[in-house]
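Note that ligands are numbered from 1 as they come in the structure, with each ligand's atoms numbered from 1 the same way. This is a predicted model, so every value here is computed, not measured.
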Amino acid sequence: MKPIWKANGTFSNNTREKGESIWVQEKETISNNNHERKKLTGDLNIEVAVIGGGLAGILTAYMLQQRGVSVIVLECFEIGSGITRNTTGKITSQHGLIYQRLLRYKGEERARAYAAANQRAVQKYEEVINQLHIECDYSKLSNYIFSLDNENRIQQEVQAAKRLGLPASLTRETKLPFQVKAAIRFENQAQFHPIKFLHGISKELTIYEHTKVMEIQKDGLILTEQGNIRAKFIVITTHYPFINFPGLYFIKLHQEREYLAALEWDKNNSILDGMYLDADPNGFTFRNHQNYLLLGSGSHRAGKQNPEDAYVKIMEAASKWYPGSKIKYAWSNQDCMTPDKVPYIGRYSASTPNIYVATGFNKWGMTGSMVAAEIIRDMICKIPNNTEKVFRPNRMMFSGTGFMLKDTAISTINLLSEHLRIPKDKLREIEKGNAGVVKYKGQKYGVYRDLEDNYFFVTTKCPHLGCSLAWNQNEMSWDCPCHGSRFDYRGNLINNPAMRDTFDACRRKLK
Ligand SMILES: Cc1cc2nc3c(=O)[nH]c(=O)nc-3n(C[C@H](O)[C@H](O)[C@H](O)COP(=O)(O)OP(=O)(O)OC[C@H]3O[C@@H](n4cnc5c(N)ncnc54)[C@H](O)[C@@H]3O)c2cc1C
């Protein structure tokens with residue numbers, strides 16, 4: 001099979017840029033409205049410091065500021081440069097087939113609270129977008145989860161969702177280019193342009209960009225390279241929390257990657273009437289954005305090599321279902337997953353009462369971030385909130401999910417001590433445009449060989465907790481199978497929880 005993604009960093013069929021989402025490519029359309037944001041220079045004293053300017057951090061800061069709390073956001077790059085820039089941007093309380101499962105494992109009260117909080121979040125987006133007149137391609141649509149072969153599962157989910165007060169119904173008719181067995185429809189959900197929204201809502205916030213938090217000291221002092229911050233409350237919204245002890249998030253979270261493409265095609269050619277997702281994790285996700293169709297698939301644990309080339313799978317599906325369409329953008333993304341499919345929102349740990357966290361959105365961080373913002377605002381402002389206990393990070397995993405937590409922990413611990421296969425010891429054995437692991441002077445190195453015969457060496461020990469990095473040929477990156485940190489072929493950090501590059505040992509050309 002011919003890869004869409006060529007090893008020299010270009011796509012094979014006119015796709016514009018490698019790896020950048022449609023939202024980022026369209027960024028120039030919003031940059032004019034954008035404030036120049038400063039770096040932190042010097043020390044600060046503040047009521048609340050939010051670390052991480054993705055959707056979770058920005059919404060939390062916004063909610064707090066609305067309550068009159070003085071708050072700053074510290075962002076190591078620019079706002080929206082993490083997971084949020086590569087999302088699909090569906091705003092929905094329909095998170096896969098989650099409601100039967102929540103009812104079974106968490107009980108009616110908690111399942112109801114989860115449903116209500118996420119459904120409120122859907123409505124809150126509409127409210128905020130209207131109030132602030134944010135132009136972010138917002139449109140209200142139905143969201144569908146379909147099955148190609150199991151009507152029973154869909155029927156059960158419809159019943160569960162209805163019982164919990166959600167706007168659910170069953171249908172067999174969709175605008176998808178194939179017949180489904182059944183689908184569950186949630187009415188009045190929405191889609192938007194996440195980066196336009198982020199810039200719109202953050203206009204009045206105090207944000208320090210290019211300000212990386214290196215450490216939070218025991219007494220709560222936040223250290224950055226440019227100055228230190230003393231805050232009464234700290235909120236960690238860095239996607240994957242960067243403090244390992246306390247909290248132990250590295251055994252409570254793993255990351256999953258998925259691949260997306262934007263197809264350009266004739267607008268009149270049966271545009272979708274809603275957002276769609278296959279209930280089967282190997283299936284596809286669909287939504288429109290203007291005259292593009294977003295198509296995604298290929299979910300797998302980060303750092304575990306995907307058996308099939310996800311981009312090829314998307315390309316083949318596109319030509320089968322939407323003949324004549326062109327892939328204009330293709331990118332990938334990853335999110336933190338929790339064993340019980342419920343995010344961690346609330347106190348970071350019992351021993352850090354003034355530090356809060358929002359993570360583990362299980363690929364549903366649009367509503368998840370809104371829920372987090374409300375809960376954390378209420379905790380800091382001491383407003384009673386009856387959903388807080390559902391998302392508490394130190395919650396017990398209820399029966400039926402205990403084994404999942406054990407699975408996550410065990411596989412993480414196994415991977416922590418896993419040794420790489422005996423590496424190819426001759427560099428020449430590495431194919432051009434590919435990578436391998438070699439032993440050199442007693443050390444293991446990851447080696448990427450480019451098309452011009454340059455060899456790029458990195459250490460394969462992840463700087464986060466020392467797991468062995470694995471090569472991801474789909475994206476030419478070194479990925480950590482334990483916690484999902486990722487590095488490019490030169491060792492530059494792409495995704496946290498690692499806080500620094502993996503050592504780029506050297507680059508050389510073999511004669
Ligand atoms: C393929 C895919 C599709 C998805 N589609 C949807 C969808 O349709 N609907 C939905 O609800 N959810 C979706 N999600 C999930 C959603 O995109 C994420 O849950 C959400 O964007 C996470 O936002 P965040 O703010 O937690 O993280 P991020 O956006 O990653 O923000 C974290 C920020 O923290 C900054 N940072 C990190 N470390 C530091 C530090 N030390 N100092 C300062 N700053 C730091 C980063 O630069 C980054 O900007 C999808 C996820 C995937 C993988």
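Checking T285, T87, N495 against atom 17 (O) of ligand 1, the nearest heavy atom belongs to T87. Counting heavy atoms only, T237 comes closest to atom 32 (C) of ligand 1 of the residues I79, T237, I216, I58.
Ranking the protein heavy atoms by distance from atom 52 (C) of ligand 1 puts N333 ND2, 3.4 Å first. Nearest protein heavy-atom neighbour of atom 23 (O) of ligand 1: T84 OG1, 3.3 Å.
Geometric assessment of K252 against the ring of Y344 yields a positive cation-pi assignment under the 6.0 Å and 45° thresholds. Under a cutoff of 6.0 Å and an axis angle of 45°, K212 and F77 do not form a cation-pi pair.
Considering backbone and side-chain N/O atoms, F77 never comes within less than 3.5 Å of an N/O atom of ligand 1.
For G296, the closest heavy-atom approach to ligand 1 does not fall below 4.0 Å. Within the 4.0 Å heavy-atom cutoff, T211 counts among the residues contacting ligand 1. Note on ligand 1: G368 sits outside its first shell, no heavy atom being nearer than 4.0 Å.
Among Q119, H95, K341, the single residue meeting the side-chain hydrogen bond (donor to acceptor under 3.5 Å, both in side chains) criterion with Y114 is H95.
Legend: residues meeting side chain to side chain contact (heavy atoms under 4.5 Å, CB included) with A498, ordered by chain and number and at least two apart, are C462, P463, H464, S485, F487, L493.
Heavy-atom contacts of A56 reach the following atoms of ligand 1: 25 (O), 26 (O) (cutoff under 4.0 Å). Counting the atoms of ligand 1 from 1 in the order shown, those under 4.0 Å from a heavy atom of F361 are 19 (O), 26 (O). Atoms of ligand 1 lying under 4.0 Å from at least one heavy atom of M366, given by number and element, are 9 (N), 10 (C), 11 (O), 12 (N), 16 (C), 17 (O), 21 (O).
Aromatic rings of Y311 and Y259 (six-membered ring for Trp) have centroids within the 6.0 Å cut-off, being under it.
Looking at heavy atoms from C-beta onward, M337 lies in side-chain contact with K363 at the 4.5 angstrom threshold.
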